[in-house]
Amino acid sequence: MNSTLTADAPLATPLLHSTPLHPTLAPITNSTTGLYRDITDLAHDAPHWLRSLADIGTEGGLLLLMALAVAAWWRARRGSAHRVALALLAPIATAAAYLLSEIIKSAVHEERPCRAVAGAAASLIPCPPHGDWSFPSNHSTIAAALAVGIAATWRAALWLALPIALLTGFSRIFVGVHYPHDVAAGLTLGATAAVLCTALLSRPTTRLVHHLRTSNRKWQILVQP
């Protein structure tokens, strides 16, 4: 990923409202624009190492959460059928949350703040192209869904998964590609979708795991006792 991490990065071009705001979201967007400017100003003045860390962390946080989800499954695979079911549902719930976020993005069409907010510091990473909408934050949605899935399977890991998810969301504001409300909505959406998916599918998935454990199917390794 190519980043603009120089301490004297220019201010963003004043294109405020170059794309009309969605009428339902406009008041929220306007109310968080100031906070977005404050955070991106802080990022602009931050040490080079911190800006580099944020650049790496915006994607690295998701990779860490995925690794934790795999570790949670590995721990659960020799446990009860219910625990295995919860581990298997984590990626399913995350995929469902991501799909929902994409549907909402397509309906809302909120322009990225790195393109829409006048006078803001330049984003630390390239601003996504027009049409790659801002609301909600996909990274935040995925991070929250993974954190909930990990916590459901391996409760002790919540103390690691939750901070990573929150920092991943914050990094999207810090690098300049999302408003604060995009991140808040993404975290809420991801967590809610994961909870609902787990609640609705845990019983049938548990029955499926129990069935697979008594069968001779090749992918029984996923659920072996």
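Nothing here was measured: the structure is a model prediction, and the numbers come from that model. Basis for what follows: all heavy atoms, side chains included, without hydrogens, waters or symmetry-related copies.
R115 places a side-chain N or O within 3.5 Å of a backbone atom of P128 that can act as its donor or acceptor partner. Looking at S80, its side chain does come within 3.5 Å of a backbone N or O of R83 through a donor-acceptor pair.
Closest non-hydrogen pair, A156 versus W159, comes out as O-CD1, 3.5 Å. Closest non-hydrogen pair, A90 versus G149, comes out as CB-CA, 3.9 Å. In plain terms, the two heavy atoms of P136 and A185 that are nearest each other are CB-CB, 4.1 Å. Minimum interatomic distance between A76 and A87 (heavy atoms only, all atoms of both residues): CB-CB, 4.1 Å. Residues T141 and A97 come closest through the heavy atom pair CG2-O, 3.5 Å. The minimum heavy-atom distance between Y36 and H178, with the atom names listed, is CD1-O, 3.4 Å.
Taken from CD1 in I150 to CG in L162, the straight-line distance is 10.5 Å, to the nearest 0.5 Å. Atom NE2 in H181 sits 6.5 Å away from atom OG in S134 (nearest 0.5 Å). Rounded to the nearest 0.5 angstrom, I164 CD1 and L64 CG are separated by 5.0 Å. Rounding to the nearest 0.5 angstrom, the gap separating the OH atom in Y179 from the CZ atom in R37 is 9.0 Å. Taking CZ of R172 as the start and CD1 of I125 as the end, the distance is 5.0 Å to the nearest 0.5 Å. Taken from OH in Y98 to NE2 in H139, the straight-line distance is 10.0 Å, to the nearest 0.5 Å.
E110 is listed as a side-chain neighbour of D182, based on a closest heavy-atom distance under 4.5 Å. Contact check for I142 versus L146: side-chain heavy atoms found under the 4.5 Å cut-off. Counting heavy atoms from C-beta outward, L124 and F174 have side chains that approach closer than 4.5 Å. Taking the side chain as every heavy atom from C-beta outward, L86 and H82 approach each other to under 4.5 Å.
The disulfide bond (SG atoms under 2.5 Å apart) search around C127 returns C114, not counting sequence neighbours. Not a single salt bridge (charged side-chain N to carboxylate O under 4.0 Å, His left out) links D38 to another residue, sequence neighbours left out. For the side-chain hydrogen bond (donor to acceptor under 3.5 Å, both in side chains) test, no residue two or more places apart in sequence or in another chain qualifies with T153. Scored by the side-chain hydrogen bond (donor to acceptor under 3.5 Å, both in side chains) test, S137 finds S140 as partners (sequence neighbours excluded). Partners of I56 under the side chain to side chain contact (heavy atoms under 4.5 Å, CB included) rule, at least two apart in sequence or in another chain, do not exist in this structure.
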- prompt: Given V209 and R77, is the side-chain contact (heavy atoms from CB on, under 4.5 Å) satisfied, shown in steps?
  reply: CA-CA 10 Å; V209 170; R77 61 198 283 268; over 6 Å; no

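In this structure, L160 is not a member of the same hydrophobic cluster as L166, with clusters built from ILVMFWY side-chain heavy atoms closer than 4.5 Å. I39 is connected to L187 through a chain of hydrophobic side-chain contacts under 4.5 Å among Ile, Leu, Val, Met, Phe, Trp and Tyr, so both are in one cluster. Using a 4.5 Å cut-off between side-chain heavy atoms of Ile, Leu, Val, Met, Phe, Trp and Tyr, with links allowed through other members, V183 and V177 fall into the same hydrophobic cluster. Criterion: ILVMFWY side-chain heavy atoms under 4.5 Å apart, direct or through other members. Under it, I103 and L196 are not part of a common hydrophobic cluster. Taking hydrophobic clusters as Ile, Leu, Val, Met, Phe, Trp and Tyr residues chained together by side-chain heavy-atom distances below 4.5 Å, V175 shares a cluster with V117.
Annotation: side-chain hydrogen bond (donor to acceptor under 3.5 Å, both in side chains) contacts involving residues 189-205, sequence neighbours excluded, are absent.
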